[in-house]
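Below is one structure; the comments refer to it alone.
Predicted model, so just to flag it, every value in this text is computed and none were measured. Residue indices begin at 1 and follow the sequence shown.
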Amino acid sequence: MPNLKIFLDDSLPDECRSALREALSPIRDMLCRQLKVDRSACQFAILPVIAINGQPPINVELSILPKPDRSREVILGLCGELQRMVAEVSGTHVAVRASALDPETYVALK
């Protein structure tokens, strides 16, 4: 955690994919700083998808473990920063969703 998936519409130009790939490190740094986690806790992926017309061409899904200092307001701010960063490098509209993982059932083997 954090688990980050960036769903990228396959109609976007290759330059967008390259820019997002290069932005993963700064995005990881921001998330680690804001969530107070080590880089080794992160799992990121950019996934090409065939999306339906009318939805944002980039959808970002962030899954994190809940903690007392991760209030709704903190997560909203984090999502806003994530949306800004991805939109800035991609040059397109970005939707961001965040969800909390269940710490009782979450398992990660690396």
Side-chain angles (χ1 to χ4, degrees):
M1 110 63 246
N3 296 332
L4 183 77
K5 294 179 185 141
I6 301 174
F7 297 94
L8 179 69
D9 191 314
D10 71 340
S11 68
L12 291 170
D14 289 338
E15 296 81 26
C16 182
R17 186 184 334 260
S18 297
L20 280 170
R21 186 179 299 121
E22 299 222 1
L24 288 179
S25 186
I27 290 170
R28 180 183 59 192
D29 292 344
M30 181 276 292
L31 289 173
C32 287
R33 183 177 58 256
Q34 298 272 350
L35 296 171
K36 300 176 182 100
V37 297
D38 187 75
R39 293 169 69 164
S40 64
C42 297
Q43 177 64 42
F44 287 11
I46 297 174
L47 305 160
V49 297
I50 298 172
I52 193 167
N53 288 336
Q55 70 183 26
I58 298 178
N59 283 275
V60 179
E61 292 184 3
L62 175 65
S63 300
I64 58 174
L65 288 168
K67 288 192 173 182
D69 62 342
R70 295 180 184 164
S71 67
R72 180 172 177 80
E73 293 75 25
V74 168
I75 300 305
L76 278 169
L78 179 72
C79 287
E81 179 65 10
L82 182 56
Q83 184 179 43
R84 184 197 64 74
M85 291 177 79
V86 174
E88 188 174 281
V89 299
S90 68
T92 192
H93 182 66
V94 177
V96 176
R97 292 169 182 80
S99 60
L101 299 166
D102 181 354
E104 295 294 317
T105 60
Y106 180 71
V107 176
L109 302 175
K110 293 185 177 189

> Can you pull the salt bridge (charged side-chain N to carboxylate O under 4.0 Å, His left out) pairs that have at least one residue in residues 92-102, sequence neighbours excluded?
Replying inline: none
> Please, which pairs that meet salt bridge (charged side-chain N to carboxylate O under 4.0 Å, His left out) have at least one residue in residues 41-55, sequence neighbours excluded?
Replying inline: none
> Do other residues, nucleotides or ligands put more than 12 heavy atoms under 6.0 Å from Ile52 CD1?
Replying inline: no
> Hey, is CD on Gln55 packed in by over 12 heavy atoms from elsewhere, all under 6.0 Å?
Replying inline: yes
With [X] via salt bridge (Lys or Arg N to Asp or Glu O under 4.0 Å) - residues at least two apart:
{"X": "Asp69", "result": "Lys36"}
{"X": "Lys110", "result": "none"}
{"X": "Glu61", "result": "none"}
{"X": "Arg84", "result": "Glu81, Glu88"}

pair [X]-[Y]: side-chain heavy atoms closer than 4.5 Å:
{"X": "Pro2", "Y": "Val37", "value": "yes"}
{"X": "Cys32", "Y": "Cys42", "value": "yes"}
{"X": "Asn59", "Y": "Val49", "value": "no"}

Holding to side chain to side chain contact (heavy atoms under 4.5 Å, CB included), I want the full list of residues that pass it with [X], two or more places apart in sequence or in another chain.
{"X": "Cys79", "value": "Ile75, Val96, Ala98"}
{"X": "Ser63", "value": "Asn3, Ser99, Leu101"}
{"X": "Ala23", "value": "Ile27, Val89"}

>> To the nearest 0.5 Å, what is the distance between NZ on Lys5 and CD1 on Ile46?
In response: 14.0 Å
> Distance from Asp29 atom CG to Leu24 atom CG, nearest 0.5 Å?
Replying inline: 11.0 Å
Grouping I, L, V, M, F, W and Y whenever their side-chain heavy atoms are under 4.5 Å apart, do [X] and [Y] come out in a common cluster?
{"X": "Tyr106", "Y": "Leu62", "answer": "yes"}
{"X": "Ile58", "Y": "Met30", "answer": "yes"}
{"X": "Phe7", "Y": "Val60", "answer": "no"}
{"X": "Leu76", "Y": "Leu65", "answer": "no"}

> How far apart are the closest heavy atoms of Leu78 and Gln34, and which atoms are they?
Replying inline: CD1-CB, 3.5 Å
>> Would Ser90 and Leu12 count as a side chain to side chain contact (heavy atoms under 4.5 Å, CB included) here? Give the steps.
In response: CA-CA 9 Å; Ser90 68; Leu12 291 170; over 6 Å; no
> What residue pairs, at least two apart or across chains, pass side chain to side chain donor-acceptor pair (under 3.5 Å) with a residue in residues 14-25?
Replying inline: none
>> Can you list everything that forms a side chain to side chain donor-acceptor pair (under 3.5 Å) with Thr92? Sequence neighbours excluded, please.
In response: none
>> Test of understanding: with side chain to side chain donor-acceptor pair (under 3.5 Å), list the residues that count as partners of Asp38, not counting sequence neighbours.
In response: Ser40
